[in-house]
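Bear in mind the structure is a predicted one, so any value in this text is a computation, not a measurement. Letters go in sequence order (proteins before strands), and every chain restarts at 1. Heavy-atom basis, side chains included; hydrogens, waters and symmetry copies ignored.
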Amino acid sequence: MLWSKLFIPTLREPPAEAEVVSHKLLLRAGYIRQVASGVYSHLFLSQRALLKISKIVREEMDAIGAQEMLLPALNPAELWQESGRWDVMGDDMFRLKDRWERDLCLAMTHEEVMTSIARGELRSYKQLPQIWYQIQTKFRDEMRPKSGLMRVRQFIMKDSYSFDLAPEGLDISYQKHYDAYCKIFSRCGLSYLAVQAHSGAMGGNESTEFMVASAAGEDFVAVCPECGYAANLEKAVSTAKPAALPDPEGNLVPEEFHTPGYKTIAEISGFTKLPETSQIKSLVMVVDGKPVLVLVRGDHQLSATKFSSVMQAREIRPAQPAEIREWFGAEAGSLGPIGVTNMTVIADSALEGRRNMIAGANKDDYHLRNVTPGRDFQTRFADLRQSEAGDTCRNCGKGILELKKTIEVGHIFKLGYKYSESMGLRVLNAAGEEVTPIMGCYGIGIERILSAAIEEHNDKDGMALPVSIAPFTVVVTPVNIADAAQKQAAQEIYDSCLALGLDALLDDRDERPGVKFKDADLIGIPYRITVGKKLTDGLVELVQRRGKTSSDVPVAEAALAVKKAASA
RNA sequence: CGGGGCGUAGCGCAGCCUGGUAGCGCACCUGCCUUGGGCGCAGGGGGUCGGGCGUUCAAAUCGCCCCGCCCCGACCA
């Protein structure tokens, strides 16, 4: 294509609203324009990149026998009421009414529609397994859209769904997706990490997230450098660093002491001259309307995700100050487990076996020393704490966990029977009995692949996209378009590139070379053939965008040289 | 939803405090010049100053209300 005819509105300066690199570059390079918060138009270049990503996704999905469909984004409320998610999704789901006042929504995902198709049509175990997928627009009313294409309210997702007769079949469908996802992200040039993850509102019991390390990410992943264990921080298990000071020996009796004005863990630590690990942190949560006292070691953080799943809660929230006052008769800074009988008490495993610790006295400005779990109060223990960098890996027992900030580009789930059960999907097995198929679901964020690739591959001049997803593979740039020889050579090389099947662009604009070079670098074309002075010696330059390495090649061989380099 | 910031030409910004002709750089158009990293010279077009109400002889500027966007938090496949 001829650059002079294309709409590639590059900007010298990034718009002020852009914060992260990929967002700045997508705007500057003329890939996208914002329409509203979390809503973007994909212009020519972006659409080309997204189509390339989608093509890779299609090829790998088709390769595992998945069948592409296209489902509606507009869904009737009834489907979502059947699965129970009309209520569960809350404000995250866009809802609307038609002219007859019937409730509709814009689908955030498609378990409901897929399952309804399956239950309407699948009758026999002989029709299983099935893997169905689509590449389609999803809508989510994010509380806070951010970071360009990273977290948006309308986006393109590849979502697939598997239906199997039995768990062993699901294992196979899941593994097929796992392998396909690895190929997809590799082909897109991403350095990804497959990590254990929490299933959240999707349901199910096992899931793997595919993450790309990036400062612009929103998720933390715990990684063990020794054994390769990797899990989303929400899910990660680990052995806490030992207490900084051994507990006092002996069967000591709880003893109240005055702590005037000292409320936080850090303040009490400073006041008592004892490390934070000697304290029991008391948090009051409200689980489905009922108060629960949660205990963790002073220096630890409660994992809301772990807590929520241990409690099998639908909804959790921290208690309000007024509620705390009513239930404990004290402020949040002086709470503790002793004497609490009006609510469930649950403690993190790191407190198991500890003794003679410090906790609040449930009396303003007083704490207790010599508090021993199990003796001074009864509680059950569970893994409730958020892992942190420096913890010991529980998988291998040796490695020290590191934390990485990441972008989630894919997520696969073993759903189990949640949707097939609630929506009545049944088939007959070989014995003629009605059985409920087991399901899996698998998602990839198409725009997130583009964002992550830009985050991973950029420099001060712009994007340095991999050949596989760049909107063009090569740009042919005559330095001086007014020079007839250069112009003609450039045209010939461009034609040769096209003949070789390369996605080629001819920068035929009457611009100064600096402008053309800057633009080519900015939009991230992997190869550039510069036709300039050396043409008199029959040579042109082949410049690689990454690293800006360049080599002289004869005019006649230029296209082939790109072809070779690009497919290497 | 809580906290913070911003809204003036396509982009980046100044002007606002202290009310009085709406400015700068880039981009854009015309001409000349130039052609290996956003070139130079000359001329030119483009703005309901986010919106409404109010104060005032006079509002981008002061007051009130509303809207939008960004960041932090809560939240989240």
> Counting heavy atoms not belonging to A/Glu267, are there more than 12 under 6.0 Å from its CD?
yes
> Just to be sure I understand the rule, does A/Pro478 reach a base, reach only the sugar-phosphate, or reach nothing, if contact means heavy atoms closer than 4.0 Å?
nothing
> Are A/Arg144 and B/C72 close enough that a side-chain N or O sits under 4.0 Å from OP1 or OP2?
yes
> A/Pro14 near the nucleic acid: base, sugar-phosphate alone, or nothing, with a heavy-atom cut-off under 4.0 Å?
sugar-phosphate
> Counting the atoms with a prime plus P, OP1 and OP2 as sugar-phosphate, which does A/Glu541 contact under 4.0 Å by heavy atoms, base, sugar-phosphate, or nothing?
base
> Among A/Arg153, A/Glu447, A/His23, A/Gln154, whose side chain to side chain donor-acceptor pair (under 3.5 Å) with A/Tyr40 holds?
A/His23
> With sugar-phosphate meaning primed atoms plus P, OP1 and OP2, does A/Arg509 contact a base, only sugar-phosphate, or nothing at under 4.0 Å between heavy atoms?
nothing
> With a 4.0 Å cut-off on heavy atoms, is A/Asp91 in touch with a base, just the backbone sugar-phosphate, or nothing at all?
nothing
> Have a look at A/Ala18 and say if it touches a base, only the backbone sugar-phosphate, or nothing, with a 4.0 Å heavy-atom cut-off.
nothing
> Would you classify A/Asp159 as touching base, sugar-phosphate or nothing, given that sugar-phosphate means primed atoms plus P, OP1 and OP2, and contacts are heavy atoms under 4.0 Å?
nothing
> Looking at A/Arg12, does any N or O in its side chain come under 4.0 Å of the phosphate oxygens OP1/OP2 on B/A27?
yes
> Is a salt bridge present between A/Arg317 and A/Glu323, judged by a nitrogen-to-oxygen distance below 4.0 Å?
yes
